[in-house]
Amino acid sequence: MSSESLAPKASAWKGKGKAVDARYSQFVDLYPVITYRHVLSQNLGVKDPLRVVALCDSDAFYAACEMNRLGVSPDQPLVVLQWDSLIAVNYAARKFGISRMDKKNDAIKRCPHLKVVHVATYKEGEAEPGYWDDVDTNTHKVSLDYYRRESMKIAALFRELLPGCEVEKASIDEAFIDFTKPVREKLLERYPYIANVPSDAPMGADSPLPSPPVDWEVKGTVVPVHPPPPETKTDGQEEGKQTEASPSLNEEPGLFELHFEDDDATTWHDVALSIASELMMKARQEVLTRLGYSTSAGVSRNKFLAKLAASYRKPNGQSVLRNSAIPNYLIPMPFQKIRFLGGKLGKALAEAYDVSTVGDLLHISLEEIQRKFGEESIWVYELLRGIDRSEVKDKGTTLTKSMLASKNLPKPITQASEGYHWIRVLAAELALRLNDARQISPNLWPKTIVLHARKGYEAGRSKQAPFPFAKEVTVDYIANAGSKLWKELVGNTSTMKVSSVQLSFTGIDVSEAGQKTIEGFLRVKPPSKRAREEEEAAANGPGVLSRLHQVATTSSDNRTRVEEEQAEKDTSGSGLSYTCPKCQKVLRPSPSAAPGPAFQNGEDRASFVAALQLEHEDWHFAQDLMREDSAPNGGKRIVPGQTQGNKTKKRKKEATGIEKFFMKK
DNA sequence: CACCTCCAT
DNA sequence: GGATGGAGGTG
């Protein structure tokens, strides 16, 4: 098809015709021939011409969480606060012109009956995050845990409701869903005449399917193939203002003319989209009735387009983007709103060519863009043309692969002791979250622990270390590891001005049989099946939450309580114990009663005693650090009674004592 | 593996 | 902007 034959007849924009058509010609493969082989194949992956992907995201998710938690009515304007900033604004509140990044007081001015909820926080001296009246960023730490849990409920419900679909949780409030497989089944079920290659088919299985039904209906809003020009667009639509992502053209009216013959004709892919849309609609309805979350979804041929389509109508909208509607949907789109182009790359593109829309960039050849932005920018080139080969990866129920607890310090800290305080707070949160996750997946183990800190205006720096497996991950265990990293990263220079601290676990995974339990790590004994069962029992026991009074108290107070707890638990009379040469404290393993592990033999017990010793020594280490830091002439310090060394910095490299313990044995 | 950069919500 | 999370690059 030449551009001549496709040129719209309107003469008003004559002269632009060629350029416009050039852009349309960039969209290829919008109408692939679909054959019997295609419908009957199972594993075509991203090449599948019948591929259908949806993106479903929760509307104003944090706000919705709070509305459900508090049982407020859907039309009650509500915002969620983090310190003085709005992090979520429900749609009722948006009607008052309130938006994120308004300040609290501005929002209340616009809507006096606004419900203002501050996000849950950890508060010094409290066992768990909660909703307090007196939030203070100087003493509290935000907790997003409630939202994470609600998010997991939604994802779990999608998985339950959509068997055969791949479900990829993309963020706390979004999931991609690949409907290809169930849609193919339903397609064959509804249209059995495409399930068998006719004997007279000219090319056998490679013959095109017969024409699809013309009477297709779609649940949801179909993005128009030919959007009306802005002038004639009906305004005041039921759901309020059009979202920003909705196409709106200011120029080049010819854009909306017919550019492909029969581009409105239904294709088998359209039928596939409508089936997926139906399934998506039902699932969203269930999420709404069962969990109370309103969502918006987009359905299209790949992840990128599904995501864009989802923004077409919100809230509580569902939009279907057909292949035929892709060009007119993409061409006017400001490309910096596209996923991956919202950052530096998008900015670079905009500046390199002094343009802003997808259509503008369609003039750039692949060679040109690769010359300026590198070989890999082919994916940008394709993205602009509606092509996205990325797959929907069901990461299983596996929780996240990392856990980050972070705190921006309103007043940069200058004392190391403050650093240790915050590390302890962050460690307490990580302990809570990891142990929590272990209730669902008992053997979770973070491979490394990472500390990030930012000094003043410098870029953040980080230090990391392996995180030895421990069945029982305590606040101290984490805080001590974090404190060592702090020492390496920040030291105790008096000039420190640390403005942000982040403590995280990475490489979280289920520890497999071959990997290190504490026994394995210490080479005493491979983990037995029995041991794993016990571990599971312990993880499911009453322990996790009840032990959380370790959270966010001062270091020494907290430690005392932990130690006391362990001492109290010690009724086993095992005879195997460790007496700290420094403080005379006696460490013994717990009895078999939950929540501590039970031991089958002396070696297990010895391992655990060793772990206790390690923890204990680490505690002394941290204590010494703090004493050193708060001492008027920091740097002087003595480690009495320790066989291994008295140099702070080398502590990590030397035998930790626990190794010796086992070597000796 | 250690550390950093970029992107996103 | 703050609190998270994921991917990927580089030595």
Side-chain angles (χ1 to χ4, degrees), chain A residues 55-65 80-89 99-104 118-122 129 135 137 140-149 151-152 155 168-176 296 303-304 307 310-311 314 336-348 373-376 379-380 383 390-391 393 395 398-410 422 425-426 429-430 433 437 446-454 458-467 485 488-489 499-508:
Chain A
L55 181 280
C56 183
D57 74 292
S58 295
D59 301 319
F61 182 56
Y62 291 178
C65 286
V80 181
L81 223 55
Q82 178 176 282
W83 314 131
D84 206 30
S85 304
L86 311 193
I87 54 171
V89 180
S99 79
R100 294 234 290 289
M101 296 341 297
D102 281 343
K103 290 303 189 183
K104 174 186 176 182
H118 194 281
V119 64
T121 55
Y122 293 91
V135 287
T137 182
H140 297 214
K141 149 121 196 31
V142 164
S143 167
L144 301 181
D145 231 35
Y146 183 73
Y147 310 138
R148 283 187 207 102
R149 294 169 194 281
S151 174
M152 290 194 299
E168 175 184 340
K169 200 166 172 298
S171 74
I172 200 161
D173 68 348
E174 298 179 314
F176 286 104
S296 297
K303 290 170 78 173
F304 159 65
K307 166 107 181 159
S311 67
K314 288 180 173 185
Q336 287 180 325
K337 293 192 342 193
I338 288 175
R339 202 161 67 127
F340 302 130
L341 301 184
K344 294 191 171 182
L345 178 54
K347 187 154 181 270
F373 299 94
E375 290 282 319
E376 357 69 46
W379 69 261
V380 176
L383 219 54
S390 63
E391 298 190 56
K393 290 163 299 205
K395 290 146 184 166
T398 305
L399 303 183
T400 55
K401 291 191 273 288
S402 67
M403 259 184 212
L404 168 68
S406 70
K407 177 69 189 172
N408 275 19
L409 289 323
W422 282 114
V425 172
L426 301 178
E429 178 176 354
L430 289 181
R433 286 166 58 188
K447 288 181 183 54
T448 58
I449 182 170
V450 187
L451 179 73
H452 284 253
R454 182 162 35 93
E458 296 169 24
R461 307 285 296 211
S462 73
K463 280 288 180 189
Q464 61 191 131
F467 190 73
L485 294 172
E488 297 175 32
L489 194 59
S499 51
S500 107
V501 189
Q502 312 182 170
L503 193 62
S504 59
F505 287 140
T506 65
I508 300 173

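Numbers restart at 1 for each chain; the letters A, B, ... are given by sequence-line order, proteins then strands.
- Formation of a donor-acceptor pair under 3.5 Å by the A:Gln502 side chain with backbone atoms of A:His452 is not found in this model.
- Between A:Lys407 atom NZ and C:dG1 atom P there is a gap of 16 Å when expressed in whole angstrom units.
- The side chain of A:Arg461 contributes an N or O atom lying less than 4.0 Å from OP1 or OP2 of B:dC4.
- Remark: A:Ser462 is in phosphate contact with B:dC4, judged by side-chain N or O atoms under 4.0 Å from OP1 or OP2.
- Checking the phosphate oxygens (OP1, OP2) of B:dA2, no side-chain nitrogen or oxygen of A:Lys463 falls inside 4.0 Å.
- Separating the CD atom of A:Glu376 from the C1' atom of C:dA7 is a distance of 14 Å, rounded to the nearest angstrom.
- The separation between A:Phe340 atom CZ and B:dC6 atom P is 16 Å, rounded to whole Å.
- The aromatic rings of A:Phe340 and A:Trp379 lie perpendicular to each other, with more than 60° between the two planes, well past the 30° mark.
- As rounded to whole Å, 19 Å separates atom P of C:dG5 from atom CG of A:Asp57.
- When heavy atoms are screened at a 4.0 angstrom cut-off, A:Lys347 is found touching no nucleic acid atom at all.
- If you take NZ of A:Lys344 and C1' of C:dG9, they are 14 Å apart, rounded to a whole angstrom.
- Residue-level contact check: A:Leu451 touches neither bases nor backbone, having no heavy atom under 4.0 Å from any strand.
- Within the 4.0 angstrom heavy-atom criterion, base atoms lie near A:Ile87.
- Backbone-only engagement by A:Lys141 is indicated by non-hydrogen atom pairs under 4.0 Å involving sugar-phosphate atoms exclusively.
- Between A:Arg433 and C:dG5 there is a side-chain polar atom (N or O) within less than 4.0 angstrom of OP1 or OP2.
- Each of A:Lys393 and A:Leu409 was assigned the nucleotide of DNA chain C with the nearest heavy atom; the assignment lying further toward the 5' end belongs to A:Leu409.
- Here the NZ atom belonging to A:Lys103 is positioned 8.5 Å from the CG atom belonging to A:Leu86, to the nearest 0.5 angstrom.
- If A:His452 and A:Thr448 are placed on DNA chain B by their nearest nucleotide, the residue sitting closer to the 5' end is A:Thr448.
- Remark: C1' of B:dA8 and CD of A:Glu168 are 13 Å apart, rounded to the nearest angstrom.
- Within the 4.0 angstrom heavy-atom criterion, no nucleotide atom of any strand lies near A:Leu426.
- Note: A:Phe61 and A:Tyr147 have perpendicular aromatic rings, judged against thresholds of 30 and 60 degrees for the angle between ring planes.
- Each of A:Val450, A:Leu404, A:Thr400 was compared with A:Thr506 under the side-chain contact (heavy atoms from CB on, under 4.5 Å) criterion, and only A:Val450 meets it.
- Distances shown here put every side-chain N or O of A:Ser171 at or beyond 4.0 Å from the OP1 or OP2 atom of B:dA8.
- Put simply, A:Asn408 has no side-chain N or O that comes within less than 4.0 Å of OP1 or OP2 on C:dG1.
- Separating the CD atom of A:Glu174 from the P atom of C:dT4 is a distance of 18 Å, rounded to the nearest angstrom.
- With hydrogens and angles ignored, the 3.5 Å screen pairs no side-chain donor or acceptor of A:Lys303 with any backbone N or O of A:Leu55.
- The side chain of A:Arg148 places an N or O atom within less than 4.0 Å of a non-bridging phosphate oxygen (OP1 or OP2) of C:dT4.
- If you check B:dA2, C:dG2, C:dT4 against the side chain of A:Trp83, the one that comes closest is C:dG2.
- Contact annotation for A:Leu404: base contact, defined as any heavy-atom pair under 4.0 Å involving a base atom.
- Summarising the geometry, the separation between CZ on A:Arg339 and P on B:dC6 is reported as 19 Å, rounded to the nearest angstrom.
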